[in-house]
Amino acid sequence: MSNEVVSGGGGGCTSIVWFRRDLRIEDNPALAAAVRVGAVVPLFIWAPEEEGHYYPGRVSRWWLKQSLAHLDSSFKSLGTSLITKRSTDSVSSLIDVVKSTGATHLFFNHLYDPLSLVRDQRAKEILTDLGIIVRSFNADLLYEPWEINDDHGHPFTTFTEFWNKCLNMPYDPAAPTLPPKRIISGDVLQCSCDKLIFENETEKGSNALLARAWSPGWSNADKALTAFISGPLIEYSVNCRKADSATTSFLSPHLHFGELSVRKVFHLLRIKQMLWANEGNTTGEESVNLFLKSIGLREYSRYINFNHPYTHEKPLLGHLKFFPWVVDENYFKVWRLGRTGYPLVDAGMRELWATGWLHDRIRVVVASFFVKVLQLPWRWGMKYFWDTLLDADLESDALGWQYISGSLPDSRALDRIDNPQFEGYKFDPNGEYVRRWLPELARLPTEWIHHPWNAPEPVLQAAGVELGMNYPLPILEIGSAKDRLQESLAEMWQLEAASRAAIENGTEEGLGDSSDSAPIAFPQDIMDVDHEPARNVNTNAFARRHQDQMVPSMTSSFLRNSDESSSEHRESYENSRQEVPQEPLRETLNQRSPPTFRHNNSPPQFNINMGLRNVEDIAESSSISRSTRGGGVVPIWCPSSSSSSEQFVVEENDTESSSSYLQRHQHTNELIDWRRLSRAR
DNA sequence: GGTGAATTCAG
DNA sequence: TGAATTCAC
């Protein structure tokens, strides 16, 4: 079945190419495969309800809209057009399109976020059952997550090791391919197209400005890449630490939507690298290495997510679950508004809400302030980034926030607090960035721009700054934040030790194991919904029959856990493993009978109206932030979540799969024993 | 040119 | 904060 090789040559077969975050025609393996088979029906399904909380934010939807229009016009010039469907269930929409076009094949490219892993596996199974030949490909990564392992076949747990391995693989990432010259159109006229609505009237106004700064779409992405590589790249290593830097590539939104192939980026970078190495241009070489590293972090985010598909919800290091987060919605509001009293933080937050963009360094600054100074739960910050960033990307953002909050073995030191005042002089030495985003401080001399609270009164007066009036005093003093952090960490270690002792004594079943404790709910004001009426997901026969969703087996944790696993399990794993990469079609996601779960009927909550707003909007919405929605807002990626929340239940009649699923989660609930690795206090 | 101080920077 | 590297003498 999945080993079957498609016979090429356009023998009257029609293939659906299901586009998701691979909105390009160049170096798109799914599209290329479809073109080889015969007629093509390009399809995009807009089913944001499937994303749960992670309904795309306003700017992200704006980008998607432009990108799809661009893709459609490319298809039109090649002889077909993009079919668009509005849906609450991608799989049933796929079936509709199969039926109306008489397609025999379905091709798509892999995604690695947890929801997609489940949905895609389900799509594969259901459509295969219907006699459709389904193939999926790697279009998003240099190497598939399961290709990168240490000498023992285990996945890496630190970035540096992972990336070294990637850079020293015995084979290169697949070379990028050219776009097809011509496409034989499938019977797209037989298929009704839904008009997709990505913005409401109020959002349109705010979105208008975006088009001045950004050009979504795959061929624009390509131009941006070429321009970056032939221009600012060489200076990347010297400039990349300045908040205002013109050396940023600005490629991340293009990469998020797959308008750009990382493999193409990689190949072009490698060429430059060789060139500069030959010329002895060390700055250039260093720049390439540094930029490659950021590509590597993106790879790593998918890798981590694939191996631990709850990283957007749970810390990877076990002890973090004992950290006493400060659940203070007022702090959260002040941070979002850019009114913390620390100019660099505030400038960043205002830039983010005004433009949907933030320089990488400044993301670290504001996130670090959020987690270490305010001690707010990192998932809130991640959610806000998700809602506001143009390049919002679940895997990358989860990795970033976990890094900042000390939840990874190679995170920043837990007890380290960066002082925004010093960071200010580092990343914005002349205060230009702060002056641009904080007009109330514009006239303050550079000497005081990053610490106005120390400025002499006459200086403040001359600059028209009234602390506490038109610019706030620091919300918290850094020194006391440090003390508070120490206390919190002490408490965390104490609780962790108690829990460990309890487990070792066998007295308690893992006191407070994070898989059983509901995560802190998001505050209401970022969760308020204003979405299209949800359609009933379970109305059609297929959805009802296949209510149970599936996740592809996570190869690594399965193997790593092999001492506890039965040989039967391992065998089935090994067998499936062998069917993974195929030439010329690289069939991928492992097919070993996957674990199943079912989710209950509570409709997912999402957030559509939280995009960029003006100050009044935010202030207004946060005034209702007190009333917290009871519990059930957070989807939890574990079999035994609290009953009030959206929940996944292990299917009992499927012993093999459920046991492997549990096994995987038992393993991950040990949280890698990374706690030992990261004892750094 | 060797040594401690200062600085840089962190996946 | 701490290791690594550069700087000043």
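Values below: all heavy atoms of this structure, side chains included; hydrogens, waters and symmetry mates excluded. A note on names: the letters A, B, ... follow the listed sequences, proteins ahead of strands, and every chain is numbered from 1.
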Atom-to-atom span, CD of A:Gln486 to C1' of C:dT1 - whole angstrom: 10 Å
Nearest whole Å is fine: how far is C:dT1 C1' from A:Leu489 CG? 13 Å
At 4.0 Å (heavy atoms only), tell me whether A:Leu399 reaches a base, stays on the sugar-phosphate, or touches nothing. base
Check side chain to side chain donor-acceptor pair (under 3.5 Å) between [X] and all other residues, then give those that pass, not counting sequence neighbours.
X        : result
A:Arg339 : none
A:Asp346 : A:Thr340, A:Tyr471
A:Arg361 : none

Could you list the donor-acceptor pairs under 3.5 angstrom formed between side-chain atoms of residues 274-281 of chain A and any protein atom two or more places apart in sequence or on another chain?
residue, atom, partner, partner atom, Å
A:Asn278, ND2, A:Met274, O, 3.4
A:Asn281, OD1, A:Thr283, N, 3.3
A:Asn281, OD1, A:Gly284, N, 2.8

Per the side-chain hydrogen bond (donor to acceptor under 3.5 Å, both in side chains) rule, what does the pair list look like for residues 287-296 of chain A, sequence neighbours excluded? A:Ser237-A:Ser287, A:Gln273-A:Asn289
Give me the first and last nucleotide of DNA chain B, going 5' to 3', that has any atom under 4.0 Å from a heavy atom of chain A. B:dA10 to B:dG11
